Each structure stands twice: as C-alpha cells, then as structure tokens.
There are 6 protein chains.
Amino acid sequence: MHEDGLTEVKNPSQIFLSERNKDVTGAVVTASIEGSRPVLLEVQALVTPTNFGNPQRVTTGFDYRRLSILLAVLEKRAGMRLSSHNVFLNIAGGLKIDEPAIDLAVCAAVASSLKNQPAKNNYVVLGEVGLGGEIRSVGHIEKRIQEAEKLGFKNVIIPQNNVKSIKSKNSINLISVENIVEAIEKILG
Amino acid sequence: MHEDGLTEVKNPSQIFLSERNKDVTGAVVTASIEGSRPVLLEVQALVTPTNFGNPQRVTTGFDYRRLSILLAVLEKRAGMRLSSHNVFLNIAGGLKIDEPAIDLAVCAAVASSLKNQPAKNNYVVLGEVGLGGEIRSVGHIEKRIQEAEKLGFKNVIIPQNNVKSIKSKNSINLISVENIVEAIEKILG
Amino acid sequence: MHEDGLTEVKNPSQIFLSERNKDVTGAVVTASIEGSRPVLLEVQALVTPTNFGNPQRVTTGFDYRRLSILLAVLEKRAGMRLSSHNVFLNIAGGLKIDEPAIDLAVCAAVASSLKNQPAKNNYVVLGEVGLGGEIRSVGHIEKRIQEAEKLGFKNVIIPQNNVKSIKSKNSINLISVENIVEAIEKILG
Amino acid sequence: MHEDGLTEVKNPSQIFLSERNKDVTGAVVTASIEGSRPVLLEVQALVTPTNFGNPQRVTTGFDYRRLSILLAVLEKRAGMRLSSHNVFLNIAGGLKIDEPAIDLAVCAAVASSLKNQPAKNNYVVLGEVGLGGEIRSVGHIEKRIQEAEKLGFKNVIIPQNNVKSIKSKNSINLISVENIVEAIEKILG
Amino acid sequence: MHEDGLTEVKNPSQIFLSERNKDVTGAVVTASIEGSRPVLLEVQALVTPTNFGNPQRVTTGFDYRRLSILLAVLEKRAGMRLSSHNVFLNIAGGLKIDEPAIDLAVCAAVASSLKNQPAKNNYVVLGEVGLGGEIRSVGHIEKRIQEAEKLGFKNVIIPQNNVKSIKSKNSINLISVENIVEAIEKILG
Amino acid sequence: MHEDGLTEVKNPSQIFLSERNKDVTGAVVTASIEGSRPVLLEVQALVTPTNFGNPQRVTTGFDYRRLSILLAVLEKRAGMRLSSHNVFLNIAGGLKIDEPAIDLAVCAAVASSLKNQPAKNNYVVLGEVGLGGEIRSVGHIEKRIQEAEKLGFKNVIIPQNNVKSIKSKNSINLISVENIVEAIEKILG
C-alpha cells in the first residue's frame, strides 16, 4: 500500500467511500486482506471496442495473466464477447492485490463496463472464480464482511461455499452465489 | 501458499472438497508437497477454439513453458489437436506449484476440457509426464496417497514405476498407469 | 532521486522553477511525496502522429502500464484520439515517481501536447484519475499545497474530494475539479 | 534439484534407470555434476514439423539460448533441417542443468527424435559441443564415468580430448568422439 | 565502472583522450558523476538507414527508453528523420550511465552520425534535454567543468540555466545553450 | 566460471589449447580478466544465411545488445552484409564475459565464419571496438599478453593505443592495430 493519504484517516477503508461515483460503470467494491487486516477497495475496468489488431489487456495493481484467464472464463461461461474488446483494469488508490478473493469483483467490473450497466450501490463483492465458472470460497470471510458493514455497505455478495463458515451475526445482507452468470446478474443494477 | 483461508481449517486439503463441482469439465485433483506436507489441490483447464492468429496459452500458478511442453506431448503422443485451441490453466486457490508430479493432472485437465468430458469423481491423479508420453514416478508417493485417503477420495492414479516403492497398506484404490494415452482413458469418465 | 544537482540548492523544488519554459506545450507541474517531504516536479509529454504500425508509448520515470490506462481514459472519457498518436512521457530531472497522485498532471501534459496548447502558467496540478474519468483524492494534500505556495505558484488544481480535508488557510488559489474533462479545461490555457 | 523423491533412494541416479523406456525416441542419458557429486539424468527431446509461422523452441531445465545455438550447429554441421521443426526439450525429473557438459546429450536427443531412431541402450553421453561441431572436453570426467559404471551402464561416449586425462581403470567401455556427426552416428542405434 | 584498465592510470578520465579519433562522426565527449567524482566519457552513436521493417534501436550502457524519448525530441523539435534510421548507441569503455546530464551528448552523437558531420574537437557537452527541446540544468556543474579543463579540453557546452550557479573562475571557454537546435549547431563542426 | 573441469588443471587457460581445431572457421582466442587473473578463452561464431523473416542473433556468455552493436559496426565500417545472416555467438567452456576487451575477438570470429576463412593459428586477439570502427585500448594489457605467451601463443593483436603502456619485454610478437578493417585483415589467414 502506498504511504500517502490512507494513513491520514483512522480507517483506511473509509476514504474511498466518498470517492464513489455511484453511476459510473466499471467500478465494483471488494474487500482484500492486507497483512492481517481487511481493506475495502474499488476495482475499476474500462472496456472499449478493439479497432484493429489484437485486443489490448492492460492492468495495474492486478496480475496480467490472472486477468487473461478471468476474461476467458467470462467469454466461455458467461458468453461475453471480450476477444473483440480492449480491457483496462485498475485497483484505485495505487494498491497492488494478489489474492484470488477479488476475482469476482474483477469479473463484475469488466461486465459492468462491457454492458454499460453500473454495479448496484451499496454492494461489496467477494469470491474466487474457477475456470468452470464456479464461485469458490475465500478465506477470512468474516473479517471482510465486518469491514463492509462498518463502512456502511448494505449488501455483500459471498460464495455459497462460505455460508456455513460464517458464525457471527451480521446486520448486513448476505447474498450467496454459486456461479459467474448468477453472480453478475445479482451485482449489476 | 496464500495466507488467507487455508489457515482457518485444520487440514488445508479439506477446504476444497466442498468446492468441487462434480460435473464441470477441465478440473482434476492432484496432491503436491508443500514444504514437507502433502496438500491436495485442483488443477483447472479451459480449452477454447482459436479464432484467429496464434493460439493463446495463459497459466497462473504453473510454469508457462512446462505447459507448452505438456501440450506438445498431448498433441504428438495422444493425438489431440491443441495447436488450434487456446489453453488457460489455473491452480485453484491461488497456489503456485513447481514440481513435475502434477504433470499428469495438468494433462488430464486439458484433455477433459478439450473433449468436454468431466474427470471421474473421487480420483486423485499423480505422475510426471515424459516427452515420450511415459508416466514417470514421483517422490513422496505414500504421503500423497495417504492425504488423498484421509480426505475421502476412493481412487488414486499412480505411475507404474511407483508401485514397488509403496510399502504401506492403503484402503484407497491404487490404479497404476504407464503412458499418457492409457492414463487419460482411465481418468476421464 | 538522483544524487546530482538537486542537493546543491536549499530546496529541491526551487531549481526547476527557473527551467520552466512558459510557452512550451506538454509540460505540467505537479507535487509528489518523496519519503516524507513534498517535491515539485515537471511532467513532460510529447505526442506525435503515428505514421505506420502500432502507436509507440515510451515512458521514463513513470509506469508504462499506468500511462496506457490513462491514455485509454483520455480516449474514452475525454474523446481524445490517442490511438493514432505516439506518446512519449518523461519526468524532468531523471526522477522516478510511482504514486497515482500525479495521474492528472500526466493526463494534462498529454492533452497539452496533443492539442498544442500550453498549460496555464503558475498552476500546480494534483489528482488521481479513475477509470470512470473521476478525479480521486490524494494523500498529504496540505504538504503538497504548501510546497507549491512556497515556490511561488499562484494556483493549485485539487480533487473535489480533498476540499473538506484541508484545514490550513492558504493564500494560494485552490481550484477543485471532479472529472477529467473539466480538469483539463481548467488546466490548459 | 527438487526436494521430492530423489531423496528417498540411496543413490539419486538409481531411480531413473527403472523409468527408462528403452525404445522411445528422443531420450538420452548423460551425467552432470550437482554441487560436487555426479548425477545421471535423462535429456528428452520432442521434435515435430512446424505447420505454420516460426518454429517453436520450448525448453524446461535447460537454457533456451543454448538450445538455439546447438540447433544451429546441428543444422550447419550435421545437415539437419531443424528450422522447419518445433523442438521441445526437457530434463526429466524437474532438474535444472546449466553446464555445457550435457550439450552432446541434448544434440543426440534432438537428432533421435528428428530421425525417429532411439538412442542405443546402455549408453551415457558426455561432451560440450563447439560451434564448429567439435566435441570439447568436460571437467570431472572420471566422476561421471564412475557414476555411469556404478549404475550398470555399459558404454560412455566421451570427448577425444578427455582420453588423456583419464587415469583410473574402468570396466565400462569408453568410446571417444571428435565431432558432432561422428558422435551422433555412434549414439543412435 | 569496469575494474579493468581505468584503474591503471592516475586519472580515469585521462585514458580516453588518446583514444579520440578526431574526425570520426558520432562521437561526443561528456562528463558524468560516478559516486562523487567526475569522469569524462565518450558517447558513441551509429545511425544507418533502415532497409525494411521497424527501425532498430540498440543501446549499451544507456537506458533504452531514454534513447527512444531523445530520438522523438530530435525528430519533433529538430526535424531529424530518425524513424527511418537504425540507431546504435554505446558508452565507450563499457561504462553504464544513468543520469540525464548526458542527454545532450547523446543527442549530439546521434545528430553527428545522421548528418555525417564530426563534433568539434576539444568540446565537452553537458545538459539534460526536456521534451520541449529545452536544455535543462545539470547538478555538480563546476566539478564537471573542472574535470574537462584538467584534461585539456578548451570548450564546454553548458545549459543556460547553469550559468548563474557557476562561481569559480575557469580558463575553459563556457558556451551556454538554451535549446536542442541551437546546441547541436554549436557542437557539430 | 563453471566449477567443473578448469579446476583440474594447474592453469585454467591451458586446457583449451588442446581443444583448438586449427582449421575451423569462426573461432578466435582472446584473453579476459576474471577477478584479478587473466584467462584465455575461445570466442566462437556461426554465421548462416537467413532464409526468411528477421535474421536471428543468439548469444550465450556475451551480452546480446553488445553483439547487435558490433554487428552494426562490421556492417557499416567493414562493409559486411550481416543483416541477411543469422549470427550465433558462444564463449567456449560455458564462460560468461562482460568486458569490452573481447569486442575485437567477437568481431573477428563473426568475420571468420561469414567469410569462411579460419583465423590464423597462434594468435590471441585483444581490443575494444568503438562505433567509429576504431580499436580502443584495454586495461591490464600486460597481464593478458603474459598469459598468451605462457601458453605458447606466438602473436598478440593489440590496440595501437596500448603500445605506449607496455613496459615489460615480451618474446611474443605484438601486432598493433588501429581500426576494425585493418585488424580483421591481420587476424584472418
């Protein structure tokens, strides 16, 4: 995490809530674990038609090859025509994330920009995406949910396989999903 | 291994059993050695026809060049037309594996996705693949078999050359294989 | 930061004020945090039409992939035809900067060179640029503003979301912006 | 060397003797020095016709550029048409070798796969290959020969220039070679 | 700096004075700071017409991307047709330099080879080049000038903005320049 | 330097004298400094016509970009048509050399293979090559000459600018050269 800015507020997740442009497409909030504490962050995608040659895939803060694989899953399992589009992916705030728990947020941000449909407000999105299109469980699920709740979010998309491992009682609304098609339908407005 | 999730359960191999989507193609379970302990993991492949230009090969958690060589073996020794297909390969859970003992699981996952046939349920697949298509022995064979047994798997595909080195008595069913064609026939349903 | 020259003057930001060629296009001043102290620096862009083949993107002192993403934002959100232009980007003085707070200065330098319009004199430009074209807040905003003021600048472009976090009273003129189109209009002369 | 398997047997070279599929093409045994002890290993090559575009060269466990140079030597000095073939090269067991002493084994494995002729049984192959096609001497020649003998091999191909440096009496048959054409004739069956 | 040769003479800058082939094109002397002491060095460029395909840019001892940017400046600000030429750049003696103070020497060496005009004898060239074509000041200017004087050079090209910072009295002739076009005219014979 | 072989003989340079195939083209002996002691080594080049597409340049043990620059010098200053040839370069024995003192040996080896003319016997070749085609002096010249003499060589090609720095009396024949064309004429038989 960069040393600037985030250290000025008590909770590093708080700062970006005010940044959220609620109607913009291609932006999805997720929760990652940095060290041992949860941090909310915004995944941003920009999808544009490819004019000529090979489609561009550019990413900052997220593994390039992981993005390529997630795009193949969206193409094959959710029928999105991404091979004729350029895809740009960014983690806002200059963060660098390397855990599969944000896979689903990446997929949803790409889908949101491609379809030109904003993601629903007040949603945090959690889940690893398998090559079969299945949503796989993520670790530290309760820490992530509690952080979302603390910052005022009303809904969390979680993997079906994580449901049993949640013991704490949350006032936030938990929406479980099993595969990529169902998940994107529930995330986009 | 990523620090998230897997540390929350007593046995790191247990978590993914519940994740297994039994009818999906392109997913094969194998056992790797991390440090000195065995860990079960799922290799996932997604094979799609190449529309134009060079076929894509993208891999996360597994060596890119090793995948290229295994695809050449599948093409030459098992007659699969992979040069006209894109191949995406992923180790589920964000693991990074660098040992040839999972070669056969990689090959079987690719074959499963290409042929659109799921791998058999309850199988763990072990074996290095040589360029002649022969299945070569793997180290720590007993540790791997015991882990598969402990997690409730019923069958393990093992290299023929490992048979003699197994001294312990296992209740799990051991199926030995000598070459890639025979192995894939026994793994796919 | 290179060990040469800048250490000879009392304030590392002072040296480049004299260098500023006030009518040249493609040059924009911003403030970055090096260690814990602010430093003013000049972002320089040179945009030329692409004669044949793929457009060139070359950058020294700034991440190549970040530039690619910012160019996509300028193309999509501000309607600039950058895919038919080569873009060269340089941080003057041999500095290497890796924080999103200079995003807006990079975008403005590119826009200035493309449109052949110099940036306004006496402006320092601050802001992260999101993929939706929104200008996001930056950390250490007051340190950066004070450095600009100390060196004699009259105006600072700041993100709208930073306005509330500024407690100190500054004689320098603060101009807040919310999106990339509005920001570039206010920066170019 | 990978930590798995090889540590379970007394002599690390022994394990692969049982793996040897004697009639397969493209496999040649050589001896390398790991730390200070000799280890026998199998070099495997797979050569296939190039269907379109540039020929592929993929290698695991051996330097990519060294392979390119050895292929040029085979083409120029031994008249093999490798520029119209894909070449895959692998060191069995996941070993990574970086010494020119296995050059001749690499060349012989490639020639064996290209010509579809297995290498002779019971041969261990030693020698650096120069760009003139000459076979150059290798260090630790006696250690390598003794390891081959201990594991039951009957013949060792050695560089002519190493003959004088061998003082010990070996029961294994030493076959000296001076250039690449002569060497490959003696190695292939 | 390489350990050979330069350590045999009292002053590392002296050795190359005798090497200077005074009529050759593409060679320009500059002064860099290594650690804390100045060292004179020769920048060499070789510019040849591009026969087919993309122009080659190859550099040893200097950053590849920095060269690309300087070539764009020469093309745009000084009207040189470099996109149809290959450019090879070398720092003589195997030195590796990473400071913008030698930018102008690099530009002058390229211009000298392109125009087939040798640089003037007895000149040392100092200056950072901005993307607007302006010559920017360099640090440690007095150390560099003194080294040039000590080794018998008669003229130093310096940035206009450095003039005020020079307090010492030098017998060497100081020629100040403000932009790339003017500078190259003064450097080439 | 690799740990094998060379440590078995008293003088590391001695071993390769016996390896020298005196009539082969593309092989030139030079002397490099490893740590503080001189070592003789053989540079090998293989130059073949390019059948289609871009010419290949592959190198082991020597910097790829340095080779590209030396090839440009040979093309421009000595009129050799290398852009229509593949060039493979190797330092025999697996050595890795990074000093410009072996430039001239590299150039001579390439020229020898291109022209199909062996280099003269009994010659050791020393010299850095500048982009103007001039032969520049090398450090530790006396150490290098003495090593060549000790191993029985009769002639050493040295840069003209090194002549004055040689104080010791050698029985070996010193042949000084000033530029690349003259040098290659004196080296090839």
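Protein chains get the first letters and strands the later ones, always in sequence-line order, with residue 1 at the start of each. The model shown is predicted, which means the values in this text are computed figures rather than measured ones.
At a 4.5 Å heavy-atom cutoff, the contact between D:A45 and chain B is made by backbone atoms alone. D:V47 touches chain B through its backbone: at least one of N, CA, C or O sits under 4.5 Å from a heavy atom, while the side chain does not. In this structure, chain D has a heavy atom under 4.5 Å from the side chain of B:N54, while its backbone stays farther away. Only the side chain of B:D63 comes within less than 4.5 Å of a heavy atom of chain D; its backbone N, CA, C and O stay farther away.
Atom-to-atom distance recorded for D:F88:CZ and B:R65:CZ is 13.5 Å, nearest 0.5 angstrom. Rounded to the nearest 0.5 Å, atoms CD1 (B:I69) and CD (D:Q56) are 10.0 Å apart. For the atom pair D:N90 CG and B:D103 CG, the distance stands at 8.0 Å (nearest 0.5 Å).
Of the listed residues D:T59, D:N86, D:T25, the one with more heavy-atom pairs under 4.5 angstrom with chain B than any other is D:T59.
Considering all non-hydrogen atoms of both residues, B:G132 and D:V24 come closest at CA-CG2, 3.7 Å.
B:R77 places a side-chain heavy atom less than 4.5 Å from the side chain of D:L46.
Between the side chain of B:E128 and the backbone N or O of D:A92 there is no donor-acceptor pair closer than 3.5 Å. Listed for the D:Q44 side chain is a donor-acceptor partner under 3.5 Å among the backbone atoms of B:L131.
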